[in-house]
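To start, the structure under review is shown below, and the notes come after it.
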Amino acid sequence: MNSLQSNPAFIAYAIACLILSTNLIFLWAFSGATRGKTKTAINPEDAAKFGGTLVESDPPEVARVLRAHTNAQANIYPFLFLGLVFVLAGGSACVAQIIFSIFVAARLAHTFVYLKGKQPWRSIFFIIGGLATIGLMLDIIWLLIRG
């Protein structure tokens with residue numbers, strides 16, 4: 001493990017993992033907090049235990065947080081898998097720092113503007129994150145071809 005800990009690309013990856021995981025945990029917790037503010041529950045046992053109103057579907061404010069969380073998961077998990085492949089394939093620290101930083105910044109900004117309902121910023125940050133993922137994929141392909 002010491003060889004990974006001394007690899008700057010791995011350090012960049014580990015930092016990105018920690019920040020992106022924190023983003024997901026924040027959204028997870030925020031969905032519960034938002035549900036608590038609406039005093040609603042979609043499960044009968046939750047309504048009985050916590051005194052909320054049983055509803056068939058999530059209130060709009062809860063649904064927005066859950067959509068933001070789903071979007072984050074759909075984008076973050078593939079990026080993290082690809083980031084690990086990049087590091088294990090011997091990707092450079094400089095490229096790792098650039099691509100990982102761009103993706104992390106785009107995802108954090110995306111979360112913020114998604115929760116605030118801000119367009120076109122939500123789409124812009126989504127595209128930036130997507131382009132960083134594509135760039136990472138292309139770099140992995142280059143690493144594998146180059147050997």
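Quick caveat: nothing in here was measured; it's all calculated off a predicted structure.
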Please assess Asp58 against Arg64 for the test salt bridge (Lys or Arg N to Asp or Glu O under 4.0 Å), listing each intermediate value before the final yes or no. CA-CA 9 Å; Asp58 289 312; Arg64 174 170 287 279; over 6 Å; no

Which atoms form the tightest heavy-atom contact between [X] and [Y], and what is the distance?
{"X": "Pro44", "Y": "Leu54", "value": "N-CD1, 3.6 Å"}
{"X": "Gly90", "Y": "Leu143", "value": "O-CD2, 4.2 Å"}
{"X": "Asn7", "Y": "Ala9", "value": "OD1-N, 2.8 Å"}
{"X": "Ala68", "Y": "Leu27", "value": "O-CD1, 3.9 Å"}
{"X": "Ile140", "Y": "Leu82", "value": "CD1-O, 3.2 Å"}
{"X": "Ala41", "Y": "Asp46", "value": "CB-CB, 3.8 Å"}

Calculate, to the nearest 0.5 Å, the distance between atoms [atom1] and [atom2] belonging to [X] and [Y] respectively.
{"X": "Ile141", "Y": "Leu136", "atom1": "CD1", "atom2": "CG", "value": "10.0 Å"}
{"X": "His69", "Y": "Asn23", "atom1": "NE2", "atom2": "CG", "value": "8.5 Å"}
{"X": "Thr133", "Y": "Ile102", "atom1": "OG1", "atom2": "CD1", "value": "11.0 Å"}
{"X": "Leu66", "Y": "Glu61", "atom1": "CG", "atom2": "CD", "value": "11.0 Å"}

Run the side chain to side chain contact (heavy atoms under 4.5 Å, CB included) test against Val55 and tell me which residues pass, sequence neighbours left out. Thr40, Ile42, Thr53

Tell me whether [Y] is reachable from [X] by hopping between hydrophobic residues (I, L, V, M, F, W, Y) whose side-chain heavy atoms are closer than 4.5 Å.
{"X": "Ile76", "Y": "Val85", "result": "yes"}
{"X": "Leu144", "Y": "Met137", "result": "yes"}
{"X": "Ile128", "Y": "Leu80", "result": "no"}
{"X": "Trp121", "Y": "Leu131", "result": "no"}
{"X": "Leu84", "Y": "Ile11", "result": "yes"}

So, do Leu115 and Phe26 sit near enough that their side-chain heavy atoms are less than 4.5 Å apart? yes

Would you check if Leu88 and Phe10 make a side-chain contact, meaning some heavy-atom pair closer than 4.5 Å? no

May I have all residue pairs that pass ring-ring contact (aromatic ring centres under 6.0 Å, His included) and include part of residues 79-98, sequence neighbours excluded? Phe79-Phe100, Phe79-Phe103

Does [Y] offer a backbone N or O that forms a donor-acceptor pair with the side chain of [X] under 3.5 Å?
{"X": "Tyr114", "Y": "Val65", "answer": "no"}
{"X": "Ser21", "Y": "Leu18", "answer": "no"}
{"X": "Gln73", "Y": "Tyr77", "answer": "no"}

With side chain to side chain donor-acceptor pair (under 3.5 Å) as the rule and sequence neighbours excluded, what pairs involving residues 98-109 come up? Asn71-Arg107, Arg107-His110

Do other residues, nucleotides or ligands put more than 12 heavy atoms under 6.0 Å from the CZ atom of Phe112? no

